[in-house]
Amino acid sequence: MKNIFILIALLALILTNSNAYSTQIKNAHAIGIFHENGNGENIQHVRKTKDDYNGICFSKIVVFGKLNNIKPEVKIGNSKGSFIKAISIYNKNKIKIAQEMTYKHYNVTKGYIEVRVANKLYDSKVFVK
């Protein structure tokens with residue numbers, strides 16, 4: 001009986017640690033939104049955008065940590081973003097710490113911008129008009 005409890009405890013410890021190593025994302029944030037012509041705004045410290053972004057627009061996010069071949073999902077209301085490009089961000093010791101990613105959105109009306117990585121919601125604070 002004692003061996004069963006030890007076995008269950010070890011199994012729980014192994015499963016918990018393997019899940020922690022498989023999800024190495026520290027944080028993800030929406031940092032900007034832009035019109036097709038390139039005009040846009042920084043949305044890091046706001047709750048609502050100044051401009052209306054109806055139709056086609058672009059969003060930029062930053063993801064801290066290792067993605068391990070996982071693409072974040074970015075939505076503005078009901079419009080799911082299509083991945084365009086990624087730029088790696090390095091610290092002063094030339095170690096990769098994050099990625100800045102650009103997404104293109106079609107048929108945007110209004111709604112909150114949501115950033116999800118592996119179905120976990122990381123950011124949804126900004127309302128896009």
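- Between Lys60 and Met101 there is no side-chain heavy-atom pair separated by less than 4.5 Å.
- When every heavy atom of Val115 is checked against every heavy atom of His29, the shortest pair comes out as CG2-C, 4.4 Å.
- The shortest heavy-atom contact between His105 and Lys80 is ND1-C, 3.9 Å.
- Heavy-atom contacts from other residues, nucleotides or ligands closer than 6.0 Å to OH of Tyr112 number 12 or fewer.
- Between the CG atom in Leu121 and the NZ atom in Lys75 there is a gap of 11.0 Å [rounded to 0.5 Å].
- Atom CD in Glu41 sits 7.5 Å away from atom NE2 in His35 (nearest 0.5 Å).
- Ile76 and Cys57 get closest at one heavy-atom pair: CD1-SG, 3.9 Å.
- Proximity of a side-chain donor or acceptor of Lys129 to a complementary backbone N or O of Lys50 within less than 3.5 Å is detected.
- In this structure a side-chain-to-backbone donor-acceptor pair under 3.5 Å is present from Asn42 to Gln44.
- By the 4.5 Å heavy-atom criterion applied to side chains, Gln99 and Leu67 are counted as neighbours.
- Atom CG of Asn37 has more than 12 neighbouring heavy atoms from other residues, nucleotides or ligands inside a 6.0 Å radius.
- To the nearest 0.5 angstrom, Lys85 atom NZ is 8.0 Å from Glu100 atom CD.
- The two residues Ala30 and Ile61 have their closest heavy-atom pair at CA-CG2, 4.0 Å.
- Looking at every heavy atom in both residues, Ser79 comes nearest to Asn107 through CB-O, 4.2 Å.
- Side-chain contact check for Tyr53 and Glu36: no donor-acceptor pair (N or O, by modelled atom type) lies under 3.5 Å.
- Counting heavy atoms of neighbouring residues, nucleotides and ligands inside a 6.0 Å radius, atom CG of Asn91 exceeds 12 of them.
- Hydrophobic clustering (ILVMFWY, side-chain heavy atoms < 4.5 Å, transitive): Ile113 and Ile31 are in distinct clusters.
- Asn93 CG: more than 12 foreign heavy atoms inside a 6.0 Å radius.
- Of all the heavy atoms in Val62 and Ala98, the pair that sits closest is CG2-CB, 4.1 Å.
- A continuous path of hydrophobic side-chain contacts links Ile70 to Ile25 [ILVMFWY only; heavy atoms under 4.5 Å].
- Other members of the cluster containing Tyr106 are Ile56, with ILVMFWY side chains joined at under 4.5 Å, either directly or via other members.
- Arg116 places none of its side-chain heavy atoms less than 4.5 Å from the side chain of Asp123.
- Exactly one of Val126, Ile43, Asp51 qualifies for a side-chain contact (heavy atoms from CB on, under 4.5 Å) with Ile33. That residue is Ile43.
- The ring pair (Phe, Tyr, Trp, His ring centres under 6.0 Å) contacts involving residues 57-87 comprise Phe83-Tyr103, where partners must be two or more places apart or lie in separate chains.
- Between Asn27 and Tyr122 there is a side-chain heavy-atom pair separated by less than 4.5 Å.
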